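Presented below is the structure to which this report refers.
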Amino acid sequence: MNATYLSHFGLREAPFHKDIDDRALWLPPSKLAVCVALEEALAERASVLLVGEPGVGKTCLLRALRARLPEQGYRLTYCHNATLGRRDFYRQLCTALGLAPSATAAALFHAVSTDVQALGRESRQHPVFLLDEAHLLHQDTLSHLHILLNYEWDRRPLLSVVLVGLPELSDRLALRVNRSLFSRIHHRLRVDALSVEDSGAYLRLRLAAAGCDRELFAEDAVSALHEASEGAHRELDRLATDALRVAARRGKRLVDRSVARHVVTAESPREEEDR
């Protein structure tokens, strides 16, 4: 499938797609600092709270982290379905760990904790559970996580849990009912929105990867798209793609401010792509 705007601008592929290799992900300095802080926390075998508004790149950070960590030192388990009850949550972990799921929540917990302890005793790989969308966790699951972190009389940190979610996750963890878990999370990080400079650099990088060797977005257009996206990668991708479509339809070789403002304010349906 080839969109009209791709041929108009001489692009090999859609520049703002999600299918990017982990090692090719771009992080601005602010997000790179968060990624480094995550690495340092896991090197200490600590647990982490990572929060940010929708679309600012939290999952992107986890992918970048995966690419940066040595495979021989860590075993990462990514869980994205946070709406499960406690039994199904541990069943999901068992499946991700390659363990045979059991019938009861107690048996599932035992299987997961035994596997974690085996890794710790053998010093092969440090297990890390990445729990995305953790603000959606059921309270019974959230209330049980601190038990999963308790090994050898709470003496050895055999497991790291990275809770990733919207800012309200911090408020939930601060509640008295969750104080046992919150007290075990010593690293509390926040992912901020892109700056306007970050947005410009991001657009140029993605366009260059798609075969563009010149500027396609005027500076004031970048500012308009950045303001409308509120510094969120996901929304910037959508708006930038729409801006390229509109510019191509108008026969423009550059996305200027008029095109950017049209995209931001118009409610017209998007153009269909040519097959």
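These numbers were taken from a predicted model, which means no experiment stands behind them.
By the rule that hydrophobic residues join a cluster once side-chain heavy atoms approach within less than 4.5 Å of another member, V191 and V164 end up as members of one cluster. Under a hydrophobic clustering in which Ile, Leu, Val, Met, Phe, Trp and Tyr are joined whenever their side-chain heavy atoms come within less than 4.5 Å, directly or via other members, L130 and V112 fall into different clusters. At a threshold of 4.5 Å between side-chain heavy atoms, the hydrophobic network of Ile, Leu, Val, Met, Phe, Trp and Tyr places L145 and L42 in two separate groups.
Ring orientation note: the planes of W26 and Y202 are tilted relative to one another, at an angle of 30° to 60°.
Side-chain atoms of R238 never come within 3.5 Å of backbone atoms of R234 as a donor-acceptor pair (strictly under, hydrogens ignored). Not a single donor-acceptor pair under 3.5 Å links the side chain of K58 to the backbone N or O of R190. Side chain of R188 to backbone of S170: no donor-acceptor contact under 3.5 angstrom is found. Between the R206 side chain and the A14 main chain, no donor and acceptor come within less than 3.5 Å of each other. Remark: side-chain polar atoms of N178 are paired, donor with acceptor, to backbone N or O of R172 under 3.5 angstrom. For the pair R204 (side chain) and F217 (backbone), a donor-acceptor distance under 3.5 Å is absent. Side chain of H135 to main chain of L166: a donor-acceptor pair is present (N/O by atom type, distance under 3.5 Å, no hydrogens or angles). The backbone N or O of Q139 sits nowhere less than 3.5 Å from a side-chain atom of R86 that would complete a donor-acceptor pair. Counting only distance, with no hydrogens or angles, the side chain of H186 and the backbone of V48 share no donor-acceptor pair below 3.5 Å.
Taking the six-membered ring for Trp and the full ring otherwise, the centers of H144 and Y90 sit less than 6.0 Å from each other.
Remark: R63 fails to qualify as a cation-pi partner of Y78 under the 6.0 Å distance and 45° angle criteria applied to the six-membered ring.
Judged purely by distance below 3.5 Å, without hydrogens or angles, the side chains of S195 and D198 pair a donor atom with an acceptor atom.
Rounding to the nearest 0.5 Å places CZ of R214 at 4.5 Å from CG of L216.
Between L207 and F16 the shortest side-chain heavy-atom distance falls below 4.5 Å. When side chains are defined from C-beta on, K31 does not count as touching C60, because their heavy atoms never get closer than 4.5 Å.
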